[in-house]
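Read the structure below first, then the notes.
In listed order, ligands and their atoms are each counted from 1.
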Amino acid sequence: MAAAAALVHHGIPIRLLESRPRLGGRASSFRDQTTGESIDNCQHVAMGCCTNFFRFCEMVGIRDQFVPAEVLHFFGPEGRMDRFAAGPLPAPLHLAGAFWGLRYLNLAEKLAIARALSKLATTTQRGITFAQWLAEQRQPQRVVDRFWNVVLVSALSESLDRIDLQQARKVFVDGFLRNRQGWVVEIPQQPLDDLWAGPVRRMLEGGNALVEVGQGVARVELNQVELNHVEPNRVEPSRAVPSGGRVTGLTLRDARMIPTGEVILALPWHRLGEIFPPGSALQPVIDQASKLEAAPISSVHLWYDRPITPLPHATFVSGLCQWLFQKPVEREHAASTDKASPGRYGYQVVISASRVLAGQSQAETIAQVEEELKVYFPPLREATRLHARVVTEHKAVFSPLVGSEALRPRQQSPIANLQLAGDWTETGWPATMEGAVRSGFLAAENVLERLEQPTRVLVDDLPTSNLARLLWGRLG
Ligand SMILES: Cc1cc2nc3c(=O)[nH]c(=O)nc-3n(C[C@H](O)[C@H](O)[C@H](O)COP(=O)(O)OP(=O)(O)OC[C@H]3O[C@@H](n4cnc5c(N)ncnc54)[C@H](O)[C@@H]3O)c2cc1C
């Protein structure tokens, strides 16, 4: 969608083919049969540092649909809530007051975190996991559990013993150290489907795009030069020189063949091999990317006969539950009534890196989640559950393992008129909507250049504050 929006924005006619009946891919919604509500496959949030994602939102007219959460609510293991909001100081001190106020960390633990954060800002060490680095920094286990784990498992959907040090550093630098805006969590005010199917589709179609959903690509057609390509490309795949071959068309699942000019394939990495003839110049890229590992994310959707909390969202420092969000319909309802009236009140609990749920029934997961929530939200003890369901995306994101960066290809593929896009391509970002948009913008830039209309589509990161620069330099 980002590549399409960028090209349409620059006056290029395009055709967007999506195999599912709806736009949005992993960031989409589905209709829950019991409640009739459109619910997101999982709550998606963006952060202030997602500059390209917000540029995409501006382009397609949905920027106002993402609203910043000025305050976060952290529940410590003892069940007490701490408010977390920025103060007036420049980054990296904007969150210092909120951080000192967290009651589930003691003074020695806070000093240990501050020391490690400062070191993390400038470390160039590579090839180790974040857990190894934390051990080198002698971070106490309680600090690992109550701070580092809380931030990183949500941000990267992986356990600390599997996260690459530099990937972890990026989260803290972009999110917390560089700029006051970086950490701000922005929450969509509507189910994602309503955004994509409404304003986004209208923007694309109003700008000379043909949008076809439920229209899968069965096979990529290549010209003879490409089909004769037998030598596996031994150089680093993403840097391979164009092979001289071309994509000549796409055969759709309904057997129609459509001729193509420039092509952007924005499939997940594990689906590319299904539609590409084996042995092409893209084969080494497909082989490399297939080594990327995936991590699961689960969401537990719960509906009760009464509100369990007035908070729009909450973060939990220990246990199975990581985040809780009120569903948008209920947020509106809560805002429009003084007193909670009987009805249906929906919540979503997010569990990233949810491997622990494998082999557990939905009923067991729901019971475990409810037991935890009862500690934080006593009204739940009196509430009647109306409906519940667990949704797990098994290949939610690629895992930011040590060495995973080298497996991600550039958008310009070895086949000249073929660009790759998707959160898994080389963007420098983890698997996020920001990463996906960046890949789409980069692919669009390449297409514009090939059409002899070179244009910069990508927008800059948030600037590094003067204070952060003084402390740590440019924070590249
Ligand atoms: C549960 C969950 C929670 C997440 N939470 C967040 C979050 O809070 N914040 C955040 O920034 N990111 C989050 N993410 C990550 C984010 O959703 C992804 O990084 C992003 O959506 C990836 O977009 P993409 O375009 O690269 O790939 P996808 O969204 O996977 O899109 C690929 C598309 O290609 C289509 N397709 C596949 N094969 C074909 C074919 N043969 N022909 C035509 N079309 C085809 C698919 O149907 C799909 O629509 C989350 C992801 C999940 C799963």
Of [options], the residue whose pairing with [X] passes side-chain contact (heavy atoms from CB on, under 4.5 Å):
| X | options | result |
| --- | --- | --- |
| W133 | I163, L165, L160, D164 | L165 |
| L252 | Q215, R219, M257 | Q215 |
| T35 | K327, H387, R389 | H387 |
| L7 | L451, L204, L448 | L448 |

Item to check | Proximity winner for atom 48 (C) of ligand 1, if only heavy atoms of E18, R22, M1, R20 are counted | outcome: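 The option holding the nearest heavy atom is E18.
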Checklist entry - Looking only at non-hydrogen atoms, which of H44, R26, K395 approaches atom 6 (C) of ligand 1 most closely? => result H44
Checklist entry - Does ligand 1 have a heavy atom under 4.0 Å from the side chain of C42, from its backbone, from both, or from neither? => result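 Answer for C42: side chain.
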Next on the checklist: Please work out, at 4.0 Å between heavy atoms, whether the side chain, the backbone, both, or neither of L17 comes within that distance of ligand 1.
Outcome noted: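 Answer for L17: backbone.
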Side chain or backbone, does [X] bring an N or O within less than 3.5 Å of an N or O on ligand 1?
| X | result |
| --- | --- |
| E393 | no |
| D423 | yes |
| M433 | yes |
| E434 | no |
| V45 | yes |
| G422 | no |
| T432 | yes |

Would you please say whether a donor-acceptor pair under 3.5 Å links the side chains of [X] and [Y]?
| X | Y | result |
| --- | --- | --- |
| S159 | R355 | no |
| H301 | S299 | yes |
| E221 | T248 | no |

Please list, in number order, the atoms of ligand 1 under 4.0 Å from a heavy atom of [X].
| X | value |
| --- | --- |
| G25 | 29 (O), 31 (O), 48 (C), 49 (O) |
| I297 | 1 (C), 2 (C), 3 (C), 4 (C) |
| A27 | 17 (O), 21 (O) |
| A436 | 22 (C), 23 (O), 24 (P), 26 (O) |
| G216 | 42 (N), 43 (C) |
| P268 | 30 (O), 32 (C) |

What's the spacing between [X] [atom1] and [Y] [atom2] if we round to 0.5 Å?
| X | Y | atom1 | atom2 | answer |
| --- | --- | --- | --- | --- |
| C42 | Q348 | SG | CD | 5.0 Å |
| F147 | L134 | CZ | CG | 10.0 Å |
| R126 | E405 | CZ | CD | 9.0 Å |

Next on the checklist: Are more than 12 heavy atoms, taken from residues, nucleotides or ligands other than R83, located less than 6.0 Å from that residue's CZ atom?
Outcome noted: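 Count not over threshold, so no.
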Checklist entry - Going through the checks in order, is the ring pair (Phe, Tyr, Trp, His ring centres under 6.0 Å) test met by Y304 and Y345? => result CA-CA 5 Å; Y304 298 103; Y345 296 82; 9.5 Å; no
Any [X] heavy atom less than 4.0 Å from ligand 1:
| X | answer |
| --- | --- |
| A266 | yes |
| R253 | yes |
| A431 | yes |
| Q43 | yes |

Checklist entry - Aromatic ring centroids of W323 and Y347 under 6.0 Å? => result no
Checklist entry - Is a salt bridge present between R201 and E18, judged by a nitrogen-to-oxygen distance below 4.0 Å? => result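 Looking at E18 together with R201, the answer is no, because their closest N to O distance does not fall below 4.0 Å.
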Next on the checklist: Check this for me, if you would: do D423 and R26 make a salt bridge, where the nitrogen-to-carboxylate-oxygen distance has to be below 4.0 angstrom?
Outcome noted: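 Answer for the salt bridge query: yes.
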Residue, atom name and distance, where the atom is the protein heavy atom closest to [atom]:
| atom | result |
| --- | --- |
| atom 40 (C) of ligand 1 | V217 N, 3.7 Å |
| atom 39 (C) of ligand 1 | S19 OG, 3.6 Å |
| atom 52 (C) of ligand 1 | A396 CB, 3.9 Å |
| atom 38 (N) of ligand 1 | L267 CG, 3.5 Å |

